[in-house]
Amino acid sequence: MTRIPCLDYNIVIETGFSTLAEELSRLGFAGRGICIVSDSNLAGLYAGPLQDLLASAPGGARVSAYMFPGGEENKNLDEIRAMYGFFLERRLDRKSLVLALGGGVTGDAAGFAAATYMRGLPFVQVPTTLLAQTDASVGGKVAVDFMGQKNLVGAFYQPRLVYINLDTLKTLPPEHFANGMAEIVKHSLILDRDFAEWLWEERARIMAGDTEAVRETLRRSCGIKAGVVSRDAKETGERELLNFGHTFGHAIESLSGFSMHHGQCVAVGMAAAAYLSMERGYVGEKDLRRCEELLTYFGLPVRARGFEPESVAAQMRLDKKTRDGGVRLVLLREAGKAYVEENAGEDEIMRALKYIISM
Ligand code: GLY
């Protein structure tokens, strides 16, 4: 077992679910009501066995399971209302636990319901996609979409535990594995050059799904994220660095009508931000190439053909992180060291967009 501290909780990395009941008991949840909120796509795979496992653990928790229809299109207040109804019917109270089992959408929605029902029920994240394991489940961002805007209504509400079962990755489709790798590469580029080099050296083992290589990848990646979150839980400073590639990426994601995966858009966005960092003379051409090679190796795009630079720029100006008309961007001061640029120029943004779109 690998254990990484984050604020006042742990991120546990395991193979299998065998120690989950023990972890919950250690947190005082033995015998309490537990509601597993699971993505309906995963239900047959993990929710049933996990429900049995927790119900038969010493102390015999009362375990119910709620099937949340997966997909970003269901991450909305109507589905939260239905979840509240289930919590009420099952008589969950403030001593009960909400256990989010699934990808980022499930964690965001279940976490939001947990944060608001009875002014807050404890919750635990059991992420089953690489993206959720390395990013979404860590750090307490919970939210739903509203009026077409992603994560517009939400809270910072920290889980009591993040429990990662590496075995769940065995059934993850390759494009979803790549999706998670985008955020992992991001963590290395913004804060840990050694980790970026390690990812390059170990790339073949990681891609082959070697359990120990993936465990080490997650240990280092979650460690970076946990460090940032522990220093800046509410994103008033350093946590903004996690938006590297995201301002470009979100614009492309919206313009694609969400047909492109988040990780794919972030990968293209990182290429744009790295290009801009190179143009400013902060990183060398070699660093830009390495960033792109790493992303490409993990099955991610670094170009976005078929988009108009002007439309992407206009979409970027709508970003939540835009202030007073200027575009805030996370750039690389050097490889493995990012900073927030308060006022990126229109011209340089256009050049970076032409770079990712034209080739
Ligand atoms: N995914 C970015 C953050 O947690 O702040």
Side-chain angles (χ1 to χ4, degrees), residues 4-9 11 72 75 100 102-112 114-115 123-125 127-145 149-159 161-162 164 176 178-192 195 217-218 220-254 258 260-270 273 300 319-323 328-332 338-340:
I4 303 155
C6 180
L7 295 164
D8 60 353
Y9 56 96
I11 303 162
E72 191 74 31
K75 209 177 88 177
V105 168
T106 306
D108 279 4
F112 180 79
F123 95 112
V124 160
Q125 290 271 22
T128 56
T129 64
L130 190 62
L131 183 72
Q133 292 173 347
T134 197
D135 187 20
S137 68
V138 177
K141 279 189 178 176
V142 296
V144 291
D145 305 339
Q149 293 220 47
K150 225 176 139 176
N151 299 330
L152 193 70
V153 183
F156 287 101
Y157 190 67
Q158 300 296 336
L161 169 74
V162 178
I164 297 172
H176 286 279
N179 216 13
M181 283 311 300
E183 301 288 355
I184 289 169
V185 170
K186 178 195 80 180
H187 288 159
S188 75
L189 292 175
I190 61 169
L191 279 165
D192 190 342
F195 181 40
T217 302
L218 276 170
R220 293 182 76 160
S221 181
C222 289
I224 293 168
K225 170 120 195 217
V228 172
V229 164
S230 300
R231 291 186 291 272
D232 178 24
K234 296 215 165 148
E235 200 170 311
T236 55
E238 188 184 353
R239 190 164 179 171
E240 262 197 85
L241 299 182
L242 299 174
N243 293 323
F244 180 57
H246 282 62
T247 308
F248 288 103
H250 280 153
I252 293 167
E253 200 176 354
S254 298
F258 295 91
M260 281 173 75
H261 288 298
H262 177 72
Q264 293 176 322
C265 301
V266 169
V268 175
M270 286 193 282
L300 291 156
D319 195 281
K320 299 204 266 301
K321 291 171 274 300
T322 302
R323 286 189 199 157
R328 284 166 74 82
L329 278 183
V330 180
L331 298 181
L332 298 177
Y339 81 103
V340 178

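In listed order, ligands and their atoms are each counted from 1.
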Minimal non-hydrogen separation, Leu300 against Met181, with atom names: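 Closest heavy-atom pair between Leu300 and Met181: CD1-C, 4.3 Å.
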Quick one: are Cys222 and Ile164 in side-chain contact, heavy atoms under 4.5 Å? yes
Does the side chain of Met260 come within less than 4.5 Å of Ile252's, by heavy atoms?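 Yes, at least one pair of side-chain atoms sits under 4.5 Å.
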Measure the acute angle between the ring planes of Phe123 and Tyr157, then classify it against the limits of 30° and 60° as parallel, tilted or perpendicular. parallel
Of all residues at least two apart in sequence or in a different chain, which pass the ring pair (Phe, Tyr, Trp, His ring centres under 6.0 Å) check with His176? His261
May I have the N/O to N/O pairs between ligand 1 and the protein that fall below 3.5 Å, each with atom names and distance to one decimal?
residue: ligand 1; atom: 1 (N); partner: Asp135; partner atom: OD1; Å: 3.0
residue: ligand 1; atom: 1 (N); partner: Asp135; partner atom: OD2; Å: 3.3
residue: ligand 1; atom: 4 (O); partner: Lys225; partner atom: NZ; Å: 2.5
residue: ligand 1; atom: 4 (O); partner: Arg239; partner atom: NH2; Å: 2.8
residue: ligand 1; atom: 5 (O); partner: Lys141; partner atom: NZ; Å: 2.9
residue: ligand 1; atom: 5 (O); partner: Arg239; partner atom: NE; Å: 2.7
residue: ligand 1; atom: 5 (O); partner: Arg239; partner atom: NH2; Å: 3.3

Test side chain to side chain contact (heavy atoms under 4.5 Å, CB included) applied to Lys186 and Leu242, Asn243, Thr134, the passing residue: Leu242
